[in-house]
Structures are given as structure tokens and as C-alpha cells.
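The structure appears right after this line, and notes come after that.
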Amino acid sequence: MPREKFRTLTEQMFYVLLCLNEECYGMDILDRVPAMTQGRVSVGSGTLYNLLEQFLDAEMIRETKVEGRRRSYILTDKGREMLDREYLRIQAQMQDYRMILGKGDSK
Amino acid sequence: MRDTRRRLALFSFYDRTGIESHLEEQAAQGWLLEKMSAFGWRYRRIEPRRVHFAVTYFPKASAFDPYPGEDQVTFQEFCEHTGWKLAASNAQIQIFYNEQEDPTLIETDPLMEIEQIHDSAKGSFLASYALLAFVGLLQLALFSYRIAIDPIGMLTSNLNLLGGLCWVLMLVLCAMEMGGYYRWRRKALAVAELSGSFVETTSHKNLQLVILFVVLIAFAFAVMSSGGNGVGAIALAAVVVVLALTGLIVGFSELLKKARVSAGVNRAATIAVTVVASFGLAGIIVIAIVDSMGSLLSDNEPVETYEFRGMTLEIHHDEIPLTLEDLIDTDYDGYSYELWSESSSLLASRIEADQRPRMDALEQPDLAYSVITVKAPFMQSLFRDWALDDFAHNYGRPDPEDSMWEKHVAVDPAPWGANEAYQLHLGGEAQMRFLLCYERNVVEVGFPFDWELTEAQMATIGDKLGGYEA
């Protein structure tokens with residue numbers, strides 16, 4: 001069954017939204033995400049373009065400035081809420097992980 | 001050495017991995033894609049090197065856009081930011097290249113990429129193939145209908161068989177392309193959900209090449225075996241004109257794009273030109289066929305013409321297998337001997353001939369016959385049955401008591417040297433029309449109504465037409 005859109009966020013979605021916690025030009029996200037994750041996560045330029053469109057449609061972000069084709073965005077309350085929800089989900093996963101594998105791990 | 005070259009591209013619309021591999025191979029051989037169009041892909045010479053390619057799909061783009069829209073340019077700028085330069089684009093497909101060693105891919109979310117491909121395919125590739133399949137089904141239905149009402153006429157012509165073959169092959173291609181796409185899409189979605197990876201795509205290049213080869217060979221064979229009359233030439237001319245028309249229509253659309261006409265206006269104008277030109281072309285072909293009917297019907301020119309009651313009539317001296325002189329003594333020298341129809345296919349061939357006096361000498365006897373030679377033994381009984389259906393037919397006459405009711409009555413085939421023989425009865429009265437079935441031939445022959453055929457004449461007819469290769 002396909003995942004319901006944005007019910008859970010992919011890693012790329014998560015970091016794009018994280019970047020937009022502060023106002024940011026769309027294109028700059030391409031550099032910020034690898035910098036933020038020490039190169040562990042990259043977002044493809046095409047994927048970023050489509051994500052920004054989808055986040056705009058879902059009202060998770062909004063445009064703050066338009067200078068020709070350069071647009072900047074920022075999280076909306078709804079976007080922040082989804083980011084928080086994803087953070088809690090990841091936290092819950094971490095706790096489950098520690099519960100099963102953390103105790104009795106002698107290494 | 002040339003600096004550019006052009007090649008046909010037989011990739012499926014969604015075959016992004018195949019296209020990327022191909023372009024990377026080309027770059028390694030020193031050719032970089034620079035333009036994509038309906039007339040093929042153009043490459044320019046470069047130093048052979050390793051180049052990465054990425055095929056992307058932009059659903060908002062259209063083949064009729066005069067220039068890339070704002071959104072498309074923004075997309076291209078995003079790609080350029082990570083080192084991807086635009087090589088070429090055509091409608092929804094954009095192809096980028098990157099000379100960095102290990103560039104970040106343009107599409108890093110397979111699920112999103114699959115949806116982009118689908119959104120692009122819906123308005124172009126899928127819609128086109130669906131329309132083609134619909135037209136193919138209609139044409140096949142028409143072909144089947146024509147076979148049902150005139151099986152002998154349809155199956156004794158290689159051009160008719162070629163038409164049926166082409167529509168069948170087109171349906172096969174549509175099924176492979178559309179079926180292949182949906183099969184790939186289903187698998188790709190499942191794998192992307194499970195493992196986050198992108199399933200490789202495929203094309204049906206070999207199938208397309210095979211179909212193209214089969215159609216070309218079949219067409220060449222059909223034209224060459226059309227009997228030397230005008231039919232083959234008209235078919236060849238029609239194909240050339242259709243190709244030229246296609247080129248003109250594509251060129252017209254490109255011209256409107258260069259003139260910066262909006263996509264909506266371009267689309268409407270191109271559709272209008274296509275419809276008008278197609279009907280115009282059909283009209284020209286029909287006129288050409290009607291105009292050349294005389295040369296289509298007869299291999300040879302008439303040896304003379306004469307006037308009768310304001311009409312100009314022709315006298316032919318064609319080679320025909322059976323003449324009245326083979327059957328009776330006659331002093332009349334004004335006969336026209338005409339082989340007025342000749343057609344052939346892999347399955348069977350047919351001739352229709354007659355010998356007629358001038359219109360001012362209708363008291364002289366006449367003769368008319370047709371010979372079908374069945375080449376495929378398994379179809380012998382089918383052609384016999386169809387010939388019997390044509391021989392005695394009662395369209396629009398439901399009542400056997402009707403005075404015009406036609407019936408075929410079996411007669412002794414021995415005098416004809418035939419396997420089976422039938423005589424036509426009209427309203428219960430025997431007519432001088434016979435259908436004779438031989439090992440490979442089905443012969444229909446008609447004589448003046450007041451004739452009484454002798455066994456010697458029947459034997460002569462059997463000798464001349466029973467084994468004749470139509």
C-alpha cells in the first residue's frame with residue numbers, strides 16, 4: 001500500500017523542512033542539507049524542486065520573498081507540527097531500539 | 001569528419017535508465033546529445049570522456065511550448081546548481097549531463113520520481129498509444145467486416161493483407177508499450193516502497209525494429225506483386241505522401257514554436273492542419289484511384305476505341321486463357337478480349353476476364369469468367385464456400401418463392417473434369433452460369449442464356465481453366 005502523503009516523512013523531507021525553520025532560498029537547501037548532516041544526506045535538485053511544490057500545496061511552507069525566479073520559503077505552523085510529529089516518531093523508535101538492544105548490550 | 005550526426009531513437013518514453021546508458025556510451029565514444037526532435041536525436045562531436053546523464057520528466061511542459069516556462073527554467077537552474085547542465089529537452093523529457101566524478105543525482109526519491117514519470121506519461125505517451133490502439137481496433141474491425149462481406153476480394157490482394165497485418169502489428173506494439181509501462185510501474189512502486197530503490201526501465205527497441213522490418217518487407221512484396229498495374233504505384237505514392245505530410249505537420253508546429261505562438265494556439269492550429277490535410281490527402285488518393293481506374297483494371301491499353309450512342313467504348317486484345325473461339329466457330333472479328341481484373345496474394349490469386357462483341361453486334365455470343373487459384377491448401381474449401389455464397393446470393397430476398405431467388409444446384413462434374421460443379425438457378429429456372437471446383441481452382445463461367453453446352457465444350461473449359469494459374 002502506498003504511504004499516505006506526509007504521514008511519515010522521508011529523511012530528505014525531514015531535512016528540507018528542518019532547513020526551512022528559518023527563511024531560506026529554495027536553491028540554498030541543496031547545500032544546507034549536506035552541510036547539516038556532514039554529507040550523510042543529499043537531496044537531488046529535482047527532488048527538492050518537487051518537494052517544495054508539494055510542501056507549498058500542503059501548506060507546510062509558505063513563500064516569503066520572490067526575486068525573479070529566486071524564491072525563499074519558511075515553515076508554517078502546519079509544517080512545524082509535522083516536523084515535531086516526525087521528531088517524536090523518531091524518538092519513539094530510538095527508545096524502542098534501546099529497550100530491545102540497549103539493555104544487555106555488553107559492547 | 002562531421003561534427004554532428006543524427007540518429008533515430010527507439011526508446012520507450014519512460015525508459016530513463018536505458019536512455020542514460022545509451023547517452024553515456026555515446027559520450028564515451030565522443031558524441032554528446034544536443035537536440036531531440038521528431039526527426040531523431042542530434043549529437044555533436046566531443047572529446048570522448050566519461051559523462052553522467054540524467055533523464056527527468058517535467059509534467060507541466062508540452063511539446064507545443066514555444067520556450068520553456070518559468071517553472072521549467074527554475075527546475076533547470078536547480079539542476080545547474082549541482083553541476084547538471086541541460087543537454088536537450090523535448091516536451092516533458094529533459095536530459096541533463098554532469099562531468100563531475102560522483103554527482104548527486106537529480107532525482108533521489110524513487111517514489112516521487114515514479115509519480116513524475118506517470119504524470120508526464122498520462123498526457124503524452126499513454127494518451128497517444130491509447131488513441132493509436134483505439135484507431136487500430138477500429139481499423140481491424142473494419143478489416144474484419146470487409147473480409148466478412150467480400151472475403152475473396154480481400155484475401156486475393158497482398159495490399160489488403162498488408163493493411164490487416166499493419167494494424168495487427170500496431171496493436172501488438174501498443175499492447176507491449178502500454179502493458180510494459182504498467183508492469184514496470186507496478187513493480188517500481190512496490191520496490192520503491194520496500195527498499196527505496198528505483199527499478200530499471202526497459203524499451204522494446206528490438207520489437208519496434210522487427211515490426212518496422214516486417215512492414216517494410218511486406219509492403220515491398222505487396223507493391224511488387226500487385227500485378228504491374230497502378231495499384232502498387234498508388235500505394236507507394238500514398239506512403240510517400242503520408243510521410244511528407246507528417247514531416248510538414250511537425251515542421252508547421254515547429255515553425256509556430258519559433259514564432260513564439262502560445263502552446264494552446266499551436267496545439268489547436270496543428271490539430272486543425274492535421275485534420276484538414278488528412279482529409280485532403282484521402283481525397284487526393286481517392287481521385288487518383290478513380291482517375292486511373294482504366295489502367296488499374298487492365299494491364300494493357302485498348303487496341304482501339306469506338307463511338308456508340310455518345311459513349312466512347314474500348315476494344316482490348318488482352319491474353320485471356322479461354323476464348324469463344326476455343327468453343328465455337330465464329331466469323332465475327334469485332335470482339336474485345338479483356339482481362340479486367342487481376343489480383344494476387346500469398347493465399348490466393350484471381351483473374352476476371354470476358355470476351356464481348358461491340359455494342360452494335362449484341363446478337364453475337366459473349367463469354368465471362370473468373371478463376372481463383374488457391375495457393376494455401378488449407379483454404380481450398382473456404383474459398384469454395386465463399387465462391388458458392390457469391391455465386392448464388394439472395395441479399396434482400398428472404399422468400400425462396402421469390403421469382404428472383406438464386407440457388408446453386410449440383411450437376412455432374414465429370415464432363416468438366418472437375419471435382420464439383422454447380423449450376424445457377426434463378427426463380428427455379430436453370431441459368432447458363434456454372435461454378436466449377438478443381439484441385440486448386442474455383443472457376444465461375446457464364447454463357448449466353450440460349451446456349452446448350454456440349455460435353456466437348458465442357459471438357460475444353462475444364463482443360464483451359466481447371467489448371468490455369470491465376
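On a predicted model such as this, the values are computed, not experimentally measured, just so you know.
- Residue A:Gln91 qualifies as enclosed at atom CD: its count of foreign heavy atoms under 6.0 Å is above 12.
- B:Thr74 OG1 to A:Arg70 CZ: the interatomic distance, rounded to the nearest 0.5 Å, is 11.5 Å.
- With a 4.5 Å cut-off on non-hydrogen atoms, B:Thr56 does not touch chain A at all.
- For B:Glu77, the parts sitting under 4.5 Å from any heavy atom of chain A are the backbone and the side chain alike.
- Within 6.0 Å of NZ on B:Lys35 lie no more than 12 heavy atoms contributed by other residues, nucleotides or ligands.
- Within 6.0 Å of the CD atom in A:Gln93, the count of heavy atoms belonging to other residues, nucleotides or ligands exceeds 12.
- Environment of CD in B:Glu101: sparse, with no more than 12 heavy atoms of neighbouring residues, nucleotides or ligands closer than 6.0 Å.
- Looking at B:Leu105, only its backbone comes within 4.5 Å of chain A, counting heavy atoms on both sides.
- Within the model, atoms CE of A:Met13 and CE of B:Met112 stand 4.5 Å from one another, a figure rounded to the nearest 0.5 Å.
- Within a 6.0 Å radius of CD in B:Glu200, no more than 12 heavy atoms belonging to other residues, nucleotides or ligands are found.
- To the nearest 0.5 Å, the span separating CG on B:Asp109 from CD on A:Gln12 amounts to 5.5 Å.
- Only the side chain of B:Phe58 comes within contact range of chain A, judged by heavy atoms closer than 4.5 Å.
- No more than 12 heavy atoms of other residues, nucleotides or ligands lie within 6.0 Å of OH in A:Tyr87, so this atom counts as exposed by the packing criterion.
- Of all residues spanning residues 31-59 of chain A, those with a heavy atom less than 4.5 Å away from chain B's heavy atoms are A:Asp31, A:Ser42, A:Val43, A:Gly44, A:Ser45, A:Gly46, A:Thr47, A:Leu48, A:Tyr49, A:Asn50, A:Leu51, A:Leu52, A:Glu53, A:Gln54, arranged by number.
- Enclosure of atom CG in A:Asp84 by more than 12 non-hydrogen atoms of other residues, nucleotides or ligands within 6.0 angstrom is indicated.
- For CZ of B:Arg183, the number of neighbouring non-hydrogen atoms (other residues, nucleotides, ligands) closer than 6.0 Å is 12 at most.
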